[in-house]
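So the structure is just underneath, and the comments pick up after that.
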Amino acid sequence: MDHLFLGSVAHCESRDYLETFENGFVAIEKGKIIGIGDRSALPPDYLNSLPVTTLSPSQFLLPGFVDCHIHAPQYPNIGLGLDLPLLKWLDTYTFPLESAYSNTDFAKQVYEAVVRRTINCGTTMASYFATNHKDSSLILAYEATKQGQRAFVGKVCSNNASPDYYIEKTADSLRDTETFINDVLNLNNPLVRPIITPRFALSCTSELLNGLSDLAAKYGLNIQSHISENCGEIEAVKDIFKKETYTEVYEDTKLMTSKCIMAHGVHLEDEELQLFKKYGTSVAHCPTSNIKLRSGLCDVRRLWNAGIKVGLGTDVSGGHNASMLVAIQDALNVSHCLNIFKKQHIFGSGRIQNPNDNSNKNYEPLEYKHALYLATLGGAHALSLDSVCGNFAVGKDFDALLVDISKAPLDLFDIPASVNEKSIASHGRVDKMVQKFLYAGDDRNIVKVFIAGKQVKNDHSI
Ligand code: GUN
Ligand code: FE
């Protein structure tokens, strides 16, 4: 697609800097960004050579969302079975559902829907877990291809401590993974890649984990798994593998690479953070799921302070919503809760604990621009895709959302200047639109979605 957008634009230049243009432009040639800036800097020939869209005052462009961790097969369970903690939840609700993907007709039905839904919610890149089954995992890769979504797709691997109706033999798991890798690569779709996906240490033997890291090295692939989500899980891993920490299990099996992303990391110890930093391994923060499965509150600031790359994930269906906007809102909620616990020491009873303990006094909760960073450039960085997407830097693919804050559930008002002059009116107009969308918007505010310059959602009501 060749195109020129004129109007408001916002994107994360870095973790702390949200760059905005009220009267801006983004120019696209063959799906890639060739220019961005203030309208005053627009090269005049762009106006003549590119088809133009002028945004309305309630609209702006934002980079597409990067969902760093989502289980596509768990989509039918969204909003169900959130009454149990992780290990019981897996056994009771999740493994039985995932085992149903031996049926490829069912897989096709669900995967078509989940790709459609996530695109409509603004997910331009998703790192998907499928199931143990290679054939239905490939159907997910087809669906992403068909609907134009950028995706990593992983055939899940589990050969240990799993129910007998949903477990693989080591050799089969490795053979099927290699077949799956070649099948996805043969789709010849630059947007869709296979990703090595051991479910988590508890459901894999060292032999399988080693075999999978060899495959990652052989094909130069990214890796995804889970780590330190739940205290019971952590104790079980240390006990079975006889290790001091969870991270050492993945270190010993060569899975800790700079192209590896581990979901959760809620309870990582300081020594483990150093290992993440050393290997350049990332964390997918999944706040919605961490609250719903009562796993814990992950401190993103602590991970950042240790120099770790962090992205954001919905973790459907531990997370009860496929929308990254909900993950953004929950990332802010978790950070605000941590702030309450760390800084104010005030609990629900009204009791003030340790009023003299000032150790966490300087804790600053995340702001909306940080949550946006996690959901866009931070996620792209965490998946080693930041040279391709994540913001509107020249040379990247145009993965974008056209947002309209005049649509439900938001309403716009002209607040009389006399009462508004000292308040939020002083914030920039685009900053305010971004803030409103992130805190209070939903997918109805996302009227168009573009991936690599191709429009994949169009709300014709605009
Ligand atoms: N750990 C292992 N498998 C899963 C899963 O499906 N969801 C979550 N949240 N954690 C896991
Ligand atoms: Fe998960």
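Each ligand, and each atom within it, is numbered from 1 in the order the structure gives. We number each residue from 1, following the sequence as shown.
- Under a cut-off of 6.0 angstrom, the local environment of CD in Glu244 is sparse, with at most 12 non-hydrogen atoms contributed by other residues, nucleotides or ligands.
- Remark: ligand 1 and Gln74 share an N or O pair separated by less than 3.5 Å (distance only, no angle test).
- Proximity of Leu86 to ligand 1, defined as any heavy-atom pair under 4.0 Å, is confined to the side chain (atoms from C-beta onward).
- Here the two rings, on Tyr246 and Phe200, have centers that are 6.0 Å apart or farther.
- Distances between N or O atoms of Glu98 and those of ligand 1 include no value under 3.5 Å.
- With salt bridges taken as basic N to acidic carboxylate O contacts below 4.0 Å, one links Arg150 and Asp399.
- Counting only protein atoms, the N, O or S atoms lying less than 2.8 Å from the Fe ion (ligand 2) are His69 NE2, His71 NE2, His226 NE2, Asp315 OD1, ordered by chain and residue number.
- Between His226 and His71, the ring planes are parallel. Angles under 30° get that label, and only those over 60° would be called perpendicular.
- For atom 5 (C) of ligand 1, the nearest non-hydrogen atom from the set Glu233, His69, Lys292, His71 belongs to His71.
- Annotation for Tyr142: atom OH does not count as buried by contact number, only 12 or fewer foreign heavy atoms lying within 6.0 Å.
- The number of heavy atoms from other shown groups lying within 6.0 Å of CD (Glu207) does not exceed 12.
- Within the structure, ligand 1 has Trp89 among the residues with a heavy atom less than 4.0 angstrom away.
- At least one test fails for Lys155 against the ring of Phe180: distance under 6.0 Å to the centre or angle within 45° of the axis.
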